Amino acid sequence: MPYKNLLIENENGITTVIINRPKAMNALNELTLIELQDAFIHLTEDKATQVIIITGSGEKAFIAGADIAAMQSLTALEARQFAKLGHQVMRYIEACPKPVIAAVNGFALGGGCELALGCDIRIAADNARFGQPEVNLGIIPGFGGTQRLARLIGKGRALELILTGNMVDAAESYRIGLANKIVPQEQLLETAKQMATTIISKGSYAVRLAKEAVRNGLEIDLERANQYESELFGLCFATADQKEGMEAFLEKRQADFKGA
Ligand code: HXC
């Protein structure tokens, strides 16, 4: 499907998805969400994609939120539907078996912050600004922000952001654990690609199972989660990558993982 609001680039196993609505600060309207969903369905199966990076076009915004102009006249039922569509998209991102890195190149507000929260790792440019400013519009976060933000940075800090609508800069986002690291804007994509390359150099089954263990394990109690971890740990021993990884270590050489 050709996309109107997304640009997709691929090199060396890394697919970069660029939200491309610069005139609206890459705000998420319905079409953009549908395109993102379609892209993730495709990328999940795409053999040329091992890691996905999501970023925004231009230098000012990652995503400045859901599209306020498009939301303004929604009925309550339409608004609920729009929120559900967003949830579905964040779920595709979160449940994608391939790692997803958000390269946050400016404002990540409202639905933009929520989309970053659906990603596995967030790298912030030094001009990044995160926030859940929905209360300024008389609404609440609707793409999972009330849940994922609290799970990532804790209830108190999440409530402070959500109730005040205040933005945090890159340094503060790093301090509170919202961003994994901060880099100068001009190094943002390069840093994300380096991290992606490091991940790609590992056994892809191990990477996939590790993501699955962390993501699903956090949703259940510790005892069951550890049980689940041991099942996935056992599964690693059905792969050629486990044999290669351990053999390479004992032979004091670099492992050559085949993703098998
Ligand atoms: C639609 C948006 C937009 C948005 C910016 N624009 N954010 N359009 N939806 N979320 C548009 C502006 O209207 C303007 O269009 C252009 O982008 C440039 O924005 P400016 O405001 O002129 O730029 P600047 O002064 O630099 O301020 C940047 C900003 C500000 C701080 C990011 O635009 C802002 O506060 N935006 C709204 C952020 C927000 O409230 N996000 C949460 C949305 S609610 P024109 O045509 O005038 O040039 C949400 C809910 C999610 O996300 C859940 C839904 C279910």
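These numbers were taken from a predicted model, which means no experiment stands behind them. Indexing begins at 1, ligand by ligand and atom by atom, following the structure's order.
With salt bridges taken as basic N to acidic carboxylate O contacts below 4.0 Å, one links Arg253 and Glu244. Ion pairing between a basic and an acidic side chain is recognised when a charged N comes within 4.0 Å of a carboxylate O; Arg21 and Asp67 show such pairing. Asp241 has no carboxylate O lying under 4.0 Å from a charged side-chain N of Lys243, or vice versa, which leaves the two without a salt bridge. Of the charged side-chain nitrogens involved, at least one lies within less than 4.0 Å of a carboxylate oxygen, so that Glu172 and Arg175 count as a salt-bridged pair.
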For ligand 1, run through the N/O pairs with the protein that fall under 3.5 Å and put one pair on each line.
unit_1	atom_1	unit_2	atom_2	d
ligand 1	9 (N)	Ile68	N	2.9
ligand 1	10 (N)	Ala64	O	3.1
ligand 1	10 (N)	Ala66	O	3.0
ligand 1	17 (O)	Lys23	O	3.4
ligand 1	26 (O)	Lys60	NZ	2.9
ligand 1	41 (N)	Ala64	O	2.9
ligand 1	52 (O)	Ala66	N	2.7
ligand 1	52 (O)	Gly111	N	2.8

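Side chain to side chain, Gln88 and Gln37 meet the donor-acceptor criterion of an N or O pair below 3.5 Å.
When each of Thr32, Asn20, Asp38 is paired with Tyr3, the side chain to side chain donor-acceptor pair (under 3.5 Å) condition holds for Asp38 and for no other.
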